[in-house]
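None of the values given here were measured: they were computed from a predicted structure. Here, residue 1 is the first one in the sequence, and each next residue gets the next number.
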Amino acid sequence: MIGEGERTDGGFRVAGPEANVGRFAVSAPAAAIVLAVAIVQSPNLWGFWGRDDFAQLAMVRIIGSPWPLFSHDHFVVPHSIFRPLGYVSLWLCERLFGETYAPHAVFDTGLHIATALLLWRFLIRASVRPAVAAAVVLLFALHPAITGTSLWWSARFDLLATFFIMLSLIAALRVCDRPSIARIVGACAAAMAAMLSKEIGTLAIVAISIVWLHRAAVDRSFRRGAFVAITCAWLTTATFFAWRAAILGTVSSGVTGVLPLPQAILRGIGNWFAQAPGYLTFWPHLLAWQRGVLAASLAVAVFALIARAAAGTDERLAMGQRAPTTLVGIALFTSPIFVQAPIAAFASPLGTGMTAIEAGMQSRLYYLQMLGAAIVLAPVLRYVYTSRRTWVRRSMTVCLVAALTVFATASYQEASAFAQRSSAIAVPARAAVAAVAQMTSPNAACHVAFLGYTPPPEWDVFVSMDAVVKALTPDIRRARYCWFYSDVRTWVHLQAAPVSISDARPFAPAVKDAQPIAWRRLGKLVFAYLAPLASTQHPDVSQMTFLQIRNGKIVDVTADAIAGHLYYVLY
């Protein structure tokens, strides 16, 4: 129902929506969204840091001011990504919460809830009934793939980009209400913030352009405003890409490594079509009863939709009202397939043997897509609930409640498994940090080697002891100038400036194509790339400390290593 004094134009509330929409934050459905998400994700308060978390936490602890993030290449692999605002959010949380995990988890849950509430507001503006809008939002917010994304700290980029995309959509609707330069700039600023959070933020421009184009098609008086708004939007996009290219030195990305970008895109698209059914339904991780309930719910929902369509044209919604919402949803669902294809080229399918941590890391590719799917679903449900047949409406309600029950319980299971597994595999990290804390105050060029380090499968070779210690040690001043090695590949050492190659001895710089890899400085942080060191090289290791990890405990084996009684290859 549309409130008194309101009208719809192209499916969105216009000309005075604030009276009803402004109360969304205190409404019962919005409160239910907040409470449900908070309960489902609460087990993660007892979780621990994951794979990429260690390096990124160490980075923001050492960098100092966050401003260099906007003017320097800030990823460990050069010429790969440009996400300054995403890293600023990590920096801010580190300043607020330190290295304690729980408050960071609360922040990510809050960011996910905020995104869900923006989706709720958008659907209300699309003339979707509050109860239906709340059901759609809950289907999105409680989906286990979505929950998994918001459990992983390093998926903050996806959460933040999606949040700003929704904020830009809300701002675009305000432009439709009353066009003004200030409102257009506000929408474009939110879109730029989405882009600076992660590359998928560029899809904000597509979404808001659809809103403005459709409004111009149904309202001739808005066409001039639409031209100005859309021009501003695409100039914003051009500015972002020019900015990104200037910082990275390329319009492409080095994130695919030796795999050519066109080949990575094709492989990524193929992977998406092969893997999407598993993540969209989360079928491999559901219990037997959850699979049965979900399958039955989908079957009954399809039957109810067919029955509604067969009922004829009674109260059928005009296509003009459904179009803008549906087109925005379709754009947000399909576009990420292509934008994220280079990353999806290395993605893994959701399998029954995949842990909750691995599932959460892989699920991040579907966060924005699931939001798009929710937007598409809203007009469909709205259409079903216009049926005059009570049994059709009640059948759909039962399906929604059943599906929400499955998603909520599955998400709670994933959050609990995520927390338990991430804490269980943190033994070497805690042991290493405790060992460093017991050392005498290290000097500016201390070298500490950890032997016997076997990372868990979820960490693989992407977690170095250098990043672990510098991320988690309570006093970063004790470790920021030290070099920490292990017998597992260390991609980069995160050092506090100033630092020189001589400080790394007996190690030497890593070499690529017969040339030393240049060390890069980012504020007070230096990315230092070193070549492996083998004991057979007979280096001078007399100034190094050697620690061996045995069953989660640390043993000092410095004397044996210096005497040549231990074989090792350090990174």
Side-chain angles (χ1 to χ4, degrees), residues 8-14 17-18 20-22 24-25 30 33 85 111-128 133 136-137 140-141 158-180 182-198 200-218 222 225-226 229-230 232-234 236-237 240 321-336 339 367-379:
T8 60
D9 217 336
F12 294 110
R13 295 175 184 268
V14 297
E18 268 51 46
N20 284 338
V21 178
F24 84 99
I33 293 169
L85 194 59
L111 184 57
H112 175 47
I113 289 174
T115 302
L117 292 178
L118 287 176
L119 174 60
W120 154 262
R121 182 171 187 173
F122 177 80
L123 293 177
I124 294 297
R125 288 294 303 263
S127 302
V128 178
V136 170
V137 172
F140 161 74
D158 295 87
L159 297 180
L160 204 62
T162 305
F163 170 81
F164 281 117
I165 288 174
M166 290 308 304
L167 199 62
S168 69
L169 272 170
I170 299 298
L173 294 180
R174 291 178 61 83
V175 173
C176 292
D177 293 339
R178 190 174 70 247
S180 70
R183 291 190 174 193
I184 291 172
V185 170
C188 292
M192 176 62 84
M195 298 179 213
L196 294 175
S197 299
K198 191 179 178 180
I200 58 172
T202 54
L203 300 180
I205 299 300
V206 177
I208 63 178
S209 295
I210 289 173
V211 171
W212 289 331
L213 282 172
H214 189 274
R215 176 64 192 280
V218 298
F222 184 71
I230 293 172
C232 178
W234 287 95
T236 300
T237 307
F240 167 75
Q321 288 185 303
R322 297 197 302 273
T325 309
T326 303
L327 288 176
V328 167
I330 290 174
L332 293 181
F333 179 79
T334 58
S335 299
V339 175
Y367 190 84
L368 178 59
Q369 285 193 301
M370 294 293 286
L371 182 139
I375 293 176
V376 172
L377 178 63

Novice: Taking only residues two or more places apart in sequence or in another chain, which ones pass side chain to side chain contact (heavy atoms under 4.5 Å, CB included) with Ala216?
Specialist: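 For Ala216, the residues satisfying side chain to side chain contact (heavy atoms under 4.5 Å, CB included) (neighbours in sequence not counted) are Phe222, Arg223, Ala226.
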
Novice: Looking only at non-hydrogen atoms, find the nearest pair between Ala126 and Thr325 and report the distance.
Specialist: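 Closest approach of Ala126 to Thr325, heavy atoms only: CB-OG1, 3.4 Å.
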
Novice: Output, in order, the C-alpha distance, side-chain angles, deciding distance and verdict of side chain to side chain contact (heavy atoms under 4.5 Å, CB included) for Gln369 and Leu332.
Specialist: CA-CA 6 Å; Gln369 285 193 301; Leu332 293 181; over 6 Å; no

Novice: Find the distance between CZ (Phe240) and OG1 (Thr236) and round it off to the nearest 0.5 Å.
Specialist: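 So the CZ of Phe240 and the OG1 of Thr236 are separated by 11.5 Å.
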
Novice: I'd like to check the side chain to side chain contact (heavy atoms under 4.5 Å, CB included) partners of Val339; sequence neighbours left out, ordered by chain and number.
Specialist: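 Partners of Val339 by the side chain to side chain contact (heavy atoms under 4.5 Å, CB included) criterion, ordered by chain and then number, come out as Ile200, Leu203.
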
Novice: Compare every heavy atom of Ala133 with every heavy atom of Ile124, then report the nearest pair and how far apart it is.
Specialist: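 Minimum heavy-atom separation between Ile124 and Ala133: CD1-CB, 4.1 Å.
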
Novice: Tyr367 and Phe140: side chain to side chain contact (heavy atoms under 4.5 Å, CB included), yes or no, with the steps?
Specialist: CA-CA 9 Å; Tyr367 190 84; Phe140 161 74; 3.9 Å; yes

Novice: When rounded to the nearest 0.5 angstrom, what distance separates SG in Cys232 from CD1 in Ile184?
Specialist: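 Here the rounded value is 6.5 Å.
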
Novice: Please name the pair of heavy atoms, one in Leu123 and one in Ala378, separated by the smallest distance, quoted to 0.1 Å.
Specialist: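 Smallest interatomic distance, heavy atoms only, reads CD2-CB, 3.5 Å.
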
Novice: Step by step, work out the side chain to side chain contact (heavy atoms under 4.5 Å, CB included) result for Leu371 and Phe333.
Specialist: CA-CA 7 Å; Leu371 182 139; Phe333 179 79; over 6 Å; no

Novice: Checking Thr334 now: which residues fulfil side chain to side chain contact (heavy atoms under 4.5 Å, CB included) with it, not counting sequence neighbours?
Specialist: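 With sequence neighbours excluded, Thr334 shows a side chain to side chain contact (heavy atoms under 4.5 Å, CB included) to Ile330, given in chain and number order.
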
Novice: Identify every side-chain donor-acceptor pair in residues 187-195 under 3.5 Å, counting partners at least two apart or on other chains, and give the distances.
Specialist:
none

Novice: Do the two ring centres, one from His112 and one from Phe163, sit under 6.0 Å apart?
Specialist: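 No; Phe163 has its ring centre 6.0 Å or more from that of His112.
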
Novice: At what distance, to the nearest 0.5 angstrom, does CG of Leu119 lie from CD1 of Ile375?
Specialist: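 Between Leu119 CG and Ile375 CD1, I get 5.5 Å after rounding to 0.5 Å.
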
Novice: Please check this pair: side chain of Trp212 against backbone of Cys176, looking for a donor-acceptor N/O pair closer than 3.5 Å.
Specialist: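 A pair under 3.5 Å: no.
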
Novice: List the atom of Arg178, the atom of Arg183, and the distance in Å for their closest heavy-atom pair.
Specialist: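 That would be NH2-NH2, 3.0 Å.
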
Novice: Can Asp177 and Arg125 be counted as an ion pair, charged N to O under 4.0 angstrom?
Specialist: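 Salt bridge flag = yes for Arg125 with Asp177.
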
Novice: To the nearest 0.5 Å, what is the distance between CD1 (Ile210) and CG (Leu169)?
Specialist: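 Nearest 0.5 Å value for the CD1-CG distance: 9.0 Å.
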
Novice: Measuring from atom CD1 of Ile170 to atom CZ of Phe122, what distance do you get when rounded to the nearest 0.5 angstrom?
Specialist: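 The distance works out to 7.0 Å.
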
Novice: Could you grab the distance from atom CH2 of Trp234 to atom CD1 of Ile205, nearest 0.5 Å is fine?
Specialist: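 So the CH2 of Trp234 and the CD1 of Ile205 are separated by 7.0 Å.
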
Novice: Can you run down the side chain to side chain donor-acceptor pair (under 3.5 Å) pairs that involve residues 161-171, sequence neighbours left out, and say none if there aren't any?
Specialist: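 Applying side chain to side chain donor-acceptor pair (under 3.5 Å) to every pair that reaches into residues 161-171, excluding sequence neighbours, yields nothing.
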
Novice: What heavy-atom pair brings Gly329 and Val376 nearest, and what distance separates the two atoms?
Specialist: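 That closest heavy-atom pairing would be C-CG2, 3.4 Å.
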
Novice: List in chain and number order the residues that pass side chain to side chain donor-acceptor pair (under 3.5 Å) with Thr237, two or more places apart in sequence or in another chain; answer none if no residue qualifies.
Specialist: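 If we apply the side chain to side chain donor-acceptor pair (under 3.5 Å) test to Thr237, skipping adjacent residues, there are no hits.
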
Novice: What is the minimum heavy-atom distance between Thr326 and Pro379, and which atoms define it?
Specialist: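 The pair with the smallest heavy-atom distance is OG1-CG, 3.7 Å.
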
